[in-house]
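The residues of the chain are indexed from 1 along the displayed sequence. Only this structure's heavy atoms are used, side chains among them; waters, hydrogens and symmetry mates stay out.
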Amino acid sequence: MICKTILAALLAATAIAAIATPPASTPLTEAEQWAVVRRVNSVAAYETYLRRFPDGAHHDEAVEAFYRLQGRPVLYAPPPPPGPFAPPGPPARPLPDDACVTLLIERPDSREARAYLAARRDNRPSELRRFIAQHPGGACRPNMARLLAARDARRLQIRPIPGLGPLPPHRLTRQLLENDDYPAAAIRNNESGTVTAAWEVAEDGAAESCRIIRPSGSAALDEATCAAVARRMVYDPARDAAGNPIRANDRLTVVWRMPPDEPPPAPPAE
């Protein structure tokens with residue numbers, strides 16, 4: 001029955017991001033990044049390592065150096081210091097009674113709804129500002145203004161770290177998809193598939209300009225993939241050789257799989 005399929009699909013959605021491809025930019029191992037951090041030997045450099053590798057092989061050494069360089073004693077190994085742009089990053093989805101949510105549910109084909117979703121998928125500040133200018137009294141304007149303010153604040157917090165580089169971008173997001181991300185249209189049509197998306201990682205660590213480079217065969221699944229990337233993917237940004245935050249690229253392959261209508265039979269008792 002379709003209701004059983006829908007329920008099973010939603011419960012299984014946390015596991016559908018099954019395959020992740022390597023970053024499109026040149027990857028560096030933890031050991032290679034640690035060597036750069038040790039060479040720079042600054043508070044900001046050790047903080048960057050701890051943010052990128054909170055359970056890394058050099059955690060205790062990095063914590064000790066982080067406090068030693070500030071002249072502070074280390075009596076125990078505390079958790080990594082919070083970074084200025086640590087997860088979860090962009091604001092969460094608006095509350096269900098939000099006017100923007102109402103618009104997206106009740107009038108998804110309206111000009112404002114389509115423009116809002118397009119701007120959120122692109123996620124560039126220029127597109128967010130364009131939406132605000134074009135819909136000054138719109139239901140979704142407050143949501144977009146909050147998102148833009150968060151991006152502006154994070155951009156101001158990210159400063160050059162002299163000598164810390166070159167470094168690739170580092171994903172801080174641990175879970176891309178949530179239970180309700182499987183599109184209702186895909187569930188109704190019993191659609192599954194594998195989709196590969198690519199995007200830019202901005203200087204503030206946000207994902208921008210998501211595009212599908214290998215479609216799944218389902219427009220709904222492709223759209224849901226990029227929507228999740230723009231909404232939740234957050235990074236410690238890439239840095240050039242001088243330690244300046246720079247733009248980079250990343251990509252991800254997601255497997256969307258509908259569960260069977262009926263659960264498999266239990267194995268026979270031994």
Visitor: Please report the interatomic distance CD1(I158) to CG(N244), rounded to the nearest 0.5 Å.
Guide: 12.5 Å

Visitor: Under 3.5 Å, is there a donor-acceptor pair between the side chain of Q70 and the main chain of R72?
Guide: no

Visitor: So, Y116 versus N143: side-chain donor-acceptor pair below 3.5 Å or not?
Guide: no

Visitor: Side chains of N123 and R120: any donor to acceptor distance under 3.5 Å?
Guide: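 Yes.
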
Visitor: Quick test of your reading of the model: are R151 and D204 salt-bridged, counting only N-O distances below 4.0 Å?
Guide: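 Salt bridge flag = yes for D204 with R151.
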
Visitor: With distance as the sole test, does E30 use its side chain to make a donor-acceptor pair with the main-chain N or O of A57 at under 3.5 Å?
Guide: yes

Visitor: Are E208 and R247 within salt-bridge range, i.e. N to O under 4.0 Å?
Guide: yes

Visitor: Just wondering, are more than 12 heavy atoms of other shown residues or ligands nearer than 6.0 Å to CZ in R159?
Guide: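 No, because the 6.0 Å sphere around CZ of R159 holds 12 heavy atoms or fewer from other groups.
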
Visitor: Going by atom types only, do W256 and T225 share a side-chain donor-acceptor pair under 3.5 Å?
Guide: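 Looking only at side-chain atoms, T225 and W256 do form a donor-acceptor pair, the distance falling under 3.5 Å.
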
Visitor: Are V255 and I213 grouped together when hydrophobic residues (ILVMFWY) are joined by side-chain heavy atoms under 4.5 angstrom apart?
Guide: no

Visitor: Can you tell me if Q33 uses its side chain to pair, donor with acceptor, with the backbone of L28 under 3.5 Å?
Guide: yes

Visitor: Do the non-hydrogen side-chain atoms of L50 and P54 ever get within less than 4.5 Å of each other?
Guide: no

Visitor: Salt bridge check: are E61 and R38 linked by an N-O gap of less than 4.0 Å?
Guide: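 A salt bridge links E61 with R38.
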
Visitor: So with a 6.0 Å cut-off around CZ of R39, is the heavy-atom count from everything else above 12?
Guide: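 Yes, the 6.0 Å shell around CZ holds more than 12 heavy atoms from other groups.
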
Visitor: Please determine whether a side-chain nitrogen of the Lys or Arg among D181 and R232 lies less than 4.0 Å from a carboxylate oxygen of the Asp or Glu.
Guide: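 Salt bridge flag = yes for R232 with D181.
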
Visitor: Could you tell me whether R155 atom CZ has more than 12 heavy atoms of other residues or ligands within 6.0 Å of it?
Guide: yes

Visitor: Find out whether P168 and Y235 are in side-chain contact, i.e. whether some heavy atom of one side chain is under 4.5 Å from a heavy atom of the other.
Guide: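 When only atoms from C-beta onward are counted, Y235 and P168 do not touch, as no gap falls below 4.5 Å.
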
Visitor: Hey, is E112 close enough to R107 for a salt bridge, meaning N to O under 4.0 Å?
Guide: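 Answer for the salt bridge query: no.
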
